[in-house]
Amino acid sequence: MGQLFVIEGVDGAGKNTLARRLVSAWERDGLQVARIGFPRYERSVHADLAAEALHGAHGDTAASVHAMALLFALDRREAVDEIRTLLSHNDVVLLDRYVASNAAYTAARLEQPADGEAVEWIRTLEFDRFGVPIPDVHILLDVPVALAAERAAARENADASRARDAYERDGSLQSRTSAVYGVLAASNWMSPWRVVTADVDPDRLAAELSNQPSGEPKVTP
Ligand code: TMP
Ligand code: MG
């Protein structure tokens with residue numbers, strides 16, 4: 001059984017770059033690694049509907065905090081079998097965003113704290129009801145919100161297809177989301193959290209993570 005690691009952070013934090021570097025480091029060490037990014041755009045109709053809503057489609061869907069969270073949650077529900085299969089065939093499965101994204105953004109939109117009703121609603125919906133696998137470790141890529149916002153804006157300027165969505169345009173939402181993430185991490189919500197900054201050494205982090213004792217016994221040949 002492989003270990004399940006999740007990278008979390010606000011929009012523009014640099015999760016994709018960190019994920020690529022971690023995967024390279026593990027592969028260099030001879031580990032078998034799989035990676036999935038959530039939302040699973042172009043693979044899940046729920047993910048696509050959520051993105052379209054955040055770009056202004058589907059009437060008042062984006063205005064509904066709970067409707068948006070349900071779309072993101074349904075994308076993960078559909079991925080449960082895939083994640084379990086990947087865990088059984090790999091040493092490491094790395095997820096770029098996961099349930100904690102829904103917890104942090106939903107609480108932030110509702111201006112609730114990390115120990116409020118929204119986070120608990122997401123926890124029971126996704127982990128208890130949908131049975132999505134619990135991560136072994138969460139990694140929070142904690143970068144200053146202003147820097148992350150600059151990066152999201154720069155992407156938009158460089159590539160029209162990456163126009164910022166409603167969440168990326170909302171600096172106040174990003175700040176509140178960052179704050180909720182910080183408390184989720186400090187309380188080790190659902191699993192141990194590692195908080196890292198943009199200058200983290202990915203090789204070292206990869207080594208530390210893969211030596212982390214897993215919740216499930218590891219099958220060694
Ligand atoms: P993305 O920027 O990673 O493509 O994700 C789209 C937005 O949706 C981003 O602002 C984070 C947010 N989100 C949630 O609110 N809940 C979720 O479960 C996920 C995966 C993303
Ligand atoms: Mg985004």
Query raised in the report: Sequence neighbours excluded, which residues qualify as side-chain hydrogen bond (donor to acceptor under 3.5 Å, both in side chains) partners of Ser24?
Result: none

Report task. Could you tell me whether a side-chain N or O of Asp165 sits under 3.5 Å from a main-chain N or O of His55, the two making a donor and an acceptor? Result -> no

Query raised in the report: Taking only residues two or more places apart in sequence or in another chain, which ones pass salt bridge (charged side-chain N to carboxylate O under 4.0 Å, His left out) with Asp199?
Result: none

Report task. State yes or no: do Trp189 and Leu110 share one hydrophobic cluster built from I, L, V, M, F, W and Y residues joined by side-chain heavy-atom distances below 4.5 Å, directly or via other members? Result -> no

Query raised in the report: Got Leu95 and Pro135 here, is their nearest side-chain heavy-atom distance under 4.5 Å?
Result: no

**Report entry** Residues which pass side chain to side chain contact (heavy atoms under 4.5 Å, CB included) with Arg169, listed by chain and number, not counting sequence neighbours
**Finding:** Glu156, Arg164

Query - Passing option when Phe5 is tested against Val33, Leu205, Val137 for side chain to side chain contact (heavy atoms under 4.5 Å, CB included) - result: Val137

Query raised in the report: Same cluster or not: are Ile134 and Ile36 linked, directly or through other Ile, Leu, Val, Met, Phe, Trp or Tyr residues, by side-chain heavy atoms under 4.5 angstrom apart?
Result: yes

Requested in this report: Could you check if a side-chain atom of Val92 sits within less than 4.5 angstrom of a side-chain atom of Leu22, using non-hydrogen atoms only?
Outcome: no

Query - Selection residues 15-24 - residue pairs positive for salt bridge (Lys or Arg N to Asp or Glu O under 4.0 Å), sequence neighbours left out - result: none

Query raised in the report: What's the shortest heavy-atom distance between Leu125 and Ala73, and which atoms?
Result: CD2-CB, 3.8 Å

Report summary line: For Thr106 and Ile122, the nearest pair of non-hydrogen atoms, with its separation, is OG1-CD1, 4.1 Å

Query - Hydrophobic cluster identity match, Phe127 and Val119, side-chain contacts under 4.5 Å - result: yes

Query raised in the report: Can any side-chain N or O of His138 pair as donor or acceptor with the backbone N or O of Tyr98 at less than 3.5 Å?
Result: no

Requested in this report: Using only heavy-atom distances, determine whether the side chains of Arg176 and Ser172 contain a donor-acceptor pair under 3.5 Å.
Outcome: yes

Query raised in the report: Does some side-chain heavy atom of Val200 sit less than 4.5 Å from a side-chain heavy atom of Ile139?
Result: no

Query raised in the report: Does some side-chain heavy atom of Leu87 sit less than 4.5 Å from a side-chain heavy atom of Leu4?
Result: yes

Report task. Can you see which heavy atom on Ile83 is nearest to which on Pro133, and at what distance? Result -> CG2-CG, 3.8 Å

Query raised in the report: Backbone N or O of Ala206 within a donor-acceptor pair of the Trp26 side chain at under 3.5 Å?
Result: yes

Query - Flag, side chain of Glu8 to backbone of Leu140, donor-acceptor distance under 3.5 Å - result: no

Query raised in the report: Would you say Arg28 and Asp203 make side-chain contact, with heavy atoms under 4.5 Å?
Result: yes

Query raised in the report: When you measure from the side chain of Ser64 to the backbone N and O of Thr61, does any donor-acceptor pair fall under 3.5 Å?
Result: no

**Report entry** Which residues share a salt bridge (charged side-chain N to carboxylate O under 4.0 Å, His left out) with Asp11, sequence neighbours left out
**Finding:** Arg97

Report summary line: Residues passing the ring-ring contact (aromatic ring centres under 6.0 Å, His included) test with His66, sequence neighbours excluded, are Trp121

Query - Hydrophobic cluster identity match, Val93 and Phe130, side-chain contacts under 4.5 Å - result: yes

**Report entry** salt bridge (Lys or Arg N to Asp or Glu O under 4.0 Å) contacts in which one or both residues fall within residues 35-52, not counting sequence neighbours
**Finding:** Arg35-Asp96, Arg40-Asp75, Arg40-Glu78, Arg40-Glu82, Arg43-Glu82

Requested in this report: Considering non-hydrogen atoms only, spot the tightest contact between Ala118 and Ala107 and give its length.
Outcome: CB-CA, 4.0 Å

Report summary line: When rounded to the nearest 0.5 Å, the distance separating CZ of Arg204 from CG of Leu209 is 12.0 Å

**Report entry** Donor-acceptor pair, side chain of Asn90 and main chain of Leu86, under 3.5 angstrom
**Finding:** yes

Query - For Asp91 against Gly30, the heavy-atom pair lying closest together - result: OD2-O, 4.5 Å

**Report entry** same_hphob_cluster(Val65, Phe72) at 4.5 Å side-chain heavy-atom cutoff
**Finding:** no

Query raised in the report: Can you tell me how far the CG atom of Asn157 sits from the CZ atom of Arg155, to the nearest 0.5 Å?
Result: 12.5 Å

**Report entry** Over all atoms of both residues, closest heavy-atom pair of Ala185 and Val195
**Finding:** CB-CG2, 3.7 Å

**Report entry** Under the side chain to side chain contact (heavy atoms under 4.5 Å, CB included) test, residues paired with Val145 that sit two or more places apart
**Finding:** Gln174, Ser175, Ser178

Requested in this report: Could you tell me which residues satisfy side chain to side chain contact (heavy atoms under 4.5 Å, CB included) with Ser161, sequence neighbours excluded, listed by chain and number?
Outcome: Asp159

**Report entry** Contacts of Ala148 that satisfy side chain to side chain contact (heavy atoms under 4.5 Å, CB included) - sequence neighbours left out
**Finding:** Val10, Val143

**Report entry** Residues that Tyr105 engages under ring-ring contact (aromatic ring centres under 6.0 Å, His included), provided they are two or more places apart
**Finding:** Tyr167

Requested in this report: For Glu126, check side-chain hydrogen bond (donor to acceptor under 3.5 Å, both in side chains) against everything at least two apart and list the hits.
Outcome: Arg76, Asn102

